[in-house]
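Start at 1 and go down the list; that is how both ligands and their atoms are numbered. Just so it is clear, the values below take in all heavy atoms, side chains as well, and ignore hydrogens, waters and symmetry mates.
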Amino acid sequence: MAIKMGVSFIRKTFIVANWKMNKMVKEAEDFCRDLLPQIEDCNHVDIAICPPFTSLGAVNDLLINSKVLLGGQDVSWEKQGAYTGEVSASMLNDVGCQYVLVGHSERREIIGETDEIVRLKLQRAIEAGLIPIFCVGEDLAARDNNRASDVIKKQLTAGLKNLEIISSSIVIAYEPIWAIGTGSNASPSDAQEMALFIRHELENIFDKDFAQNIIILYGGSVKEDNLADFLQEEDVDGALVGGASLEANSFAKLVRIGANGQ
Ligand code: 13P
């Protein structure tokens, strides 16, 4: 469903592109020029693109008068100072970001980010007025051993500890690691089951109103021919897309599916 009724507000479909470490500045600009005319009439969907840091400024210049919002792919947990290579939340604000990915499994697995680092990053992003897209997801071993929900519960509990937030100041993305970039997506019913589990956990950590109103995305091999099935699930409000977001025509199709609420 494109529009899902929570207790006190409507959960609008949200389609997010995560370009990961792809695209030179010129390619990023060409993408925006190709995309915008194709999605001009898509009103019933929220859209964001998360380019690499090097393209944020150029992409912001092209998106500034459009309905497409901008996100970073990572943020430092420190405010500013001697942290070579890091990018702060206010720097992301400064180049026009409204969102930032936090806790993506590639950062947890490859870079070694812990739950505590993820928590500090969430806190810093929220303090700076960015909306974090907080990624959680289990690996294949956990799924095979029926421990998927334990892993998600631990990531949620640790990441959200002591955060004072309202539901509109954070988005959750459920991205099972085994489905990322593999071409084998979770089934829509598996995604629904986990999104519902996440909503229940959020109700325990915060309250029912918070849990009903929060946007929960699914990510992992989302493409044109499976997105509509995910969006039909009651608790899946949108998608975080890697590979299929790299080409403007392909991403435009996903946005249009989101807008049509299929
Ligand atoms: P793919 O869509 O390429 O599987 O990537 C998903 C992802 O990691 C988005 O953050």
Side-chain angles (χ1 to χ4, degrees), residues 13-23 27-28 31 35 46-53 55-56 59 68-75 92 97-113 118 121-122 125 130-140 142-143 148 151-152 155-156 159 170-188 190-191 194-195 198 215-231 233 236-258:
T13 300
F14 189 26
I15 307 293
V16 183
N18 175 10
W19 287 352
K20 308 188 180 183
M21 196 170 71
N22 291 290
K23 291 193 191 298
E27 293 168 314
F31 177 102
L35 176 74
D46 286 331
I47 311 154
I49 298 179
C50 303
F53 293 135
S55 298
L56 281 172
V59 170
V68 184
L69 300 169
L70 190 64
Q73 292 180 17
D74 186 32
V75 65
L92 293 179
C97 289
Q98 294 85 8
Y99 290 93
V100 63
L101 302 178
V102 174
H104 193 282
S105 62
E106 285 150 15
R107 296 208 59 85
R108 293 178 189 261
E109 300 268 300
I110 303 167
I111 316 290
E113 282 186 10
V118 170
K121 289 184 173 193
L122 289 172
L130 290 167
I131 301 176
I133 299 174
F134 173 24
C135 304
V136 295
E138 80 285 0
D139 63 16
L140 191 57
R143 164 106 349 208
V151 171
I152 303 302
Q155 290 174 341
L156 286 174
I170 190 166
V171 170
I172 308 284
Y174 169 58
E175 294 205 309
I177 295 172
W178 46 272
I180 294 178
T182 59
S184 57
N185 53 280
S187 70
D190 282 345
M194 198 54 91
I198 290 170
I215 300 286
I216 300 179
L217 311 178
Y218 165 76
S221 299
V222 169
K223 32 192 183 307
E224 194 192 328
D225 57 9
N226 61 23
L227 177 59
D229 293 337
F230 286 111
L231 296 182
E233 298 293 345
V236 178
D237 304 312
L240 178 55
V241 190
S245 76
L246 286 173
E247 206 254 310
N249 292 346
S250 159
F251 188 59
K253 282 182 191 151
L254 299 179
V255 170
R256 301 192 73 82
I257 291 167

Is the closest N or O pair between [X] and ligand 1 shorter than 3.5 Å?
X: G243; value: yes
X: N18; value: yes
X: L240; value: no

Point to revise | Spacing of E27 atom CD and S55 atom OG [to the nearest 0.5 Å] | key: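 Those atoms lie 8.5 Å apart.
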Exercise for review: Kindly compute the distance separating CG (L101) from CD (E106), expressed to the nearest 0.5 Å.
Suggested key: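 Between atom CG of L101 and atom CD of E106 there are 10.0 Å.
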Check your understanding: Quick one: does G219 get within less than 4.0 Å of ligand 1, heavy atoms only?
Key ->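 It does not, in that no heavy atom of G219 comes within the 4.0 Å cut-off of ligand 1.
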Review point. For ligand 1, which atoms have a heavy atom of G181 less than 4.0 angstrom away?
Key: 1 (P), 3 (O), 4 (O)
**Study point:** Atoms of ligand 1, numbered as shown, that sit under 4.0 Å from any heavy atom of A179
**Key:** 4 (O)
Practice item. Could you tell me the residue and atom name of the protein heavy atom closest to atom 9 (C) of ligand 1, and the distance to it rounded to 0.1 Å? Key: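 For atom 9 (C) of ligand 1, the nearest protein heavy atom comes out as E175 OE2, 2.8 Å.
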Review point. Heavy atom under 4.0 Å from ligand 1: found in A244's side chain, backbone, both, or neither?
Key: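 Looking at A244 and ligand 1, no heavy atom falls under 4.0 Å.
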Review point. Have H104 and Q73 got a donor and an acceptor in their side chains that come within less than 3.5 Å?
Key: no
Practice item. Could you pull out, from K223, Q73, H104, the option with a heavy atom nearest to atom 10 (O) of ligand 1? Key: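 Looking at heavy atoms only, H104 sits closest to atom 10 (O) of ligand 1.
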